[in-house]
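Only one structure is covered here, and it is reproduced in the block below.
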Amino acid sequence: MSSERRIQTVLRLPKHLYYRVKLYAEREGRSFNNYVETLLAKATDMDWPTIPKDFEIPEEIQNLRPKKSVIKRPTQEQLDNDPKLAYLMKKYGL
């Protein structure tokens, strides 16, 4: 993740919550920032599945399309940039 562009932000927390989160981060040997970032990523489901290059669309789904149209597997970049598409691909095991 170090190559990603980062935005610095201020987060206001009650003292008791800050110290509790800091304790959990220390228990896992992580920084406060890394721990919070990981929790937020999990909570917002930011870890999209990587779809294999040999992925094939099931025949029953292909049969739903009009005969002249072509269905292509979305690229990983498209999935990374389109959370709704990635969610549907993950949800339906595509």
Side-chain angles (χ1 to χ4, degrees):
M1 280 199 182
S2 61
S3 65
E4 288 185 48
R5 187 171 180 158
R6 303 219 175 239
I7 298 173
Q8 187 172 1
T9 186
V10 175
L11 179 63
R12 298 186 202 296
L13 300 171
K15 277 187 180 182
H16 69 278
L17 179 58
Y18 170 80
Y19 288 115
R20 193 168 59 210
V21 171
K22 186 174 179 176
L23 176 66
Y24 275 78
E26 288 172 357
R27 285 181 182 170
E28 291 192 16
R30 303 165 87 170
S31 69
F32 179 87
N33 187 78
N34 178 265
Y35 188 76
V36 170
E37 183 180 342
T38 302
L39 290 176
L40 290 172
K42 286 179 183 177
T44 58
D45 197 24
M46 295 296 293
D47 297 320
W48 304 112
T50 301
I51 297 178
K53 292 186 182 214
D54 61 347
F55 171 81
E56 291 186 29
I57 297 171
E59 189 176 333
E60 62 232 21
I61 293 176
Q62 288 186 22
N63 292 336
L64 296 174
R65 69 181 169 90
K67 296 296 178 195
K68 293 182 180 181
S69 66
V70 175
I71 298 176
K72 293 184 179 179
R73 177 191 171 278
T75 65
Q76 191 62 46
E77 183 179 5
Q78 288 172 314
L79 294 174
D80 291 342
N81 293 326
D82 189 341
K84 289 180 184 178
L85 177 60
Y87 168 79
L88 291 171
M89 296 289 287
K90 182 178 178 183
K91 180 177 179 180
Y92 294 105
L94 301 173

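- Residues L79 and A86 approach most closely at O-CB, 3.5 Å, considering heavy atoms.
- For the atom pair CZ (R6) and CG (N33), the distance works out to 7.0 Å, reported to the nearest 0.5 Å.
- No continuous path of ILVMFWY side-chain contacts below 4.5 Å connects L23 to F32, so the two sit in separate hydrophobic clusters.
- Annotation: the span from Q78 atom CD to D80 atom CG amounts to 10.0 Å, rounded to 0.5 Å.
- Closest heavy-atom contact between A25 and S31: CB-O, 3.8 Å.
- Here E59 pairs with N63 under the side chain to side chain contact (heavy atoms under 4.5 Å, CB included) rule; sequence neighbours left out.
- Considering every non-hydrogen atom in both T44 and L40, the closest pair reads OG1-O, 2.8 Å.
- When the shell of 6.0 Å around CD of E77 is examined, it contains 12 or fewer heavy atoms from other residues, nucleotides or ligands.
- Separation of atoms NZ (K22) and CZ (R20) is listed at 15.5 Å; rounding is to 0.5 Å.
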